[in-house]
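In each ligand, atom 1 is the first atom listed, and ligand 1 is the first ligand listed. Owing to the predicted nature of the structure, the values given are computational and were not obtained by experimental measurement.
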Amino acid sequence: MCGIIGYVGHRTSEVLQRGIKRLTYRGYDSWGFGFKNGNEIEVIKDIGDVENIGKLNINGNSNIGICHTRWATHGGVTKENAHPHTCCENKIAVVHNGIIENYRELKKELIERGHEFRSDTDTEVISHLIEESYKINDNFPEAVKDVVPKLRGCYAFVAVHKDFDGLVGIKNGSPLVVGIGNSNGGQSEYFIASDVIAFLEYTKKVIYLDDGEMAVVKCRCQ
Ligand code: GLU
């Protein structure tokens with residue numbers, strides 16, 4: 001179980017790049033970022049040393065992003081298995097800590113319903129399940145909520161959708177905390193992470209989620 005950080009605000013690239021490095025103490029084998037970039041989800045991920053992100057061109061204009069350090073439990077240490085994991089249409093991206101115990105049954109059912117998987121992880125079922133729910137109710141937080149009863153295991157995850165101006169996080173057994181940033185000239189910012197250390201340099205206003213609680217943070221950036 002490694003690290004998650006999500007951010008909504010005016011300095012996404014800075015916060016995520018600094019935050020992910022603060023989570024490396026937990027150990028990891030691969031890393032990844034997902035940004036809502038206009039009306040698209042952009043994913044950058046790789047195996048190995050997260051210090052290498054310094055060489056990547058991360059979009060400086062995105063107001064919404066997620067990132068992850070992975071400690072592989074299901075699926076080898078490969079770029080394809082690094083998080084975030086997207087759905088078939090690349091509209092949704094998910095970063096996850098923990099284990100989805102019933103992922104085999106869920107994956108089999110999803111494949112039978114036509115979903116195409118790109119990784120060997122347990123995590124990827126979450127993105128595809130949200131994709132299905134979203135097609136029914138057209139509401140991202142509700143779609144995430146609908147998926148929770150289908151998952152067994154100990155997990156926390158944060159999800160982003162290309163058409164939703166915010167992030168949704170869920171905790172069940174693995175840690176997840178929300179940080180409320182300082183309003184700065186009308187620009188508010190929010191953080192969701194597996195450890196406050198990821199964002200403590202930006203805010204000390206923290207909400208610890210209980211198991212079964214969901215956090216929805218929305219962008220009010222100018
Ligand atoms: N079970 C997931 C995987 O193997 C998440 C591992 C983690 O918590 O980093 O990708």
Side-chain angles (χ1 to χ4, degrees), residues 1-7 16-17 19-34 41 43-53 65-88 90 92-111 115-131 144 147-148 150-160 167-178 191-199 208-209 211-212 214-215:
M1 182 186 303
C2 281
I4 289 175
I5 319 162
Y7 176 78
L16 294 188
Q17 288 191 70
I20 199 170
K21 288 178 184 171
R22 291 191 183 276
L23 291 180
T24 56
Y25 79 93
R26 295 157 77 98
Y28 67 100
D29 51 47
S30 48
W31 52 269
F33 293 80
I41 299 291
V43 170
I44 302 165
K45 59 187 186 178
D46 212 341
I47 58 170
D49 193 341
V50 76
E51 291 296 330
N52 293 335
I53 61 173
I66 52 179
C67 69
H68 185 262
T69 49
R70 178 177 188 234
W71 188 282
T73 64
H74 294 69
V77 180
T78 63
K79 185 172 173 175
E80 292 70 31
N81 288 340
H83 301 210
H85 290 288
T86 53
C87 61
C88 294
N90 282 323
I92 294 160
V94 170
V95 287
H96 157 236
N97 282 163
I99 291 172
I100 306 301
E101 285 168 6
N102 57 333
Y103 85 99
R104 277 203 180 81
E105 301 117 80
L106 294 170
K107 186 169 177 174
K108 185 170 171 284
E109 290 163 11
L110 284 159
I111 289 171
H115 289 261
E116 286 179 19
F117 279 70
R118 302 186 196 97
S119 79
D120 302 319
T121 63
D122 50 341
T123 303
E124 196 181 338
V125 295
I126 303 173
S127 333
H128 294 276
L129 286 170
I130 299 172
E131 180 177 40
V144 176
V147 164
V148 173
K150 299 176 183 159
L151 305 175
R152 278 205 321 269
C154 193
Y155 58 83
F157 69 83
V158 178
V160 58
L167 294 173
V168 181
I170 292 269
K171 169 186 155 43
N172 183 41
S174 300
L176 205 62
V177 292
V178 177
F191 310 77
I192 308 184
S194 44
D195 186 332
V196 285
I197 203 166
F199 59 75
Y208 287 86
L209 298 183
D211 283 342
M214 179 170 101

Polar atom proximity, Asp122 to ligand 1 (N or O, under 3.5 Å): yes

Gly98 N/O to ligand 1 N/O under 3.5 Å: yes

Atom indices of ligand 1, in the order listed, that fall short of 4.0 Å to a heavy atom of His68: 9 (O)

Sidechain-backbone polar pair: Tyr28 side chain, Val50 backbone, donor-acceptor under 3.5 Å: yes

Close N or O approach (Asn81, ligand 1; < 3.5 Å): no

Between Tyr155 and Asp122, a side-chain donor and acceptor under 3.5 Å: no

His68 side chain vs His96 backbone, donor-acceptor pair below 3.5 Å: yes

Atom indices of ligand 1, in the order listed, that fall short of 4.0 Å to a heavy atom of Trp71: 6 (C), 7 (C), 9 (O)

Nearest atoms (heavy-atom pairs only) where Thr86 meets His128: O-NE2, 3.9 Å

Nearest atoms (heavy-atom pairs only) where Val196 meets Tyr208: CG1-OH, 3.6 Å

Atom indices of ligand 1, in the order listed, that fall short of 4.0 Å to a heavy atom of Thr123: 2 (C), 10 (O)

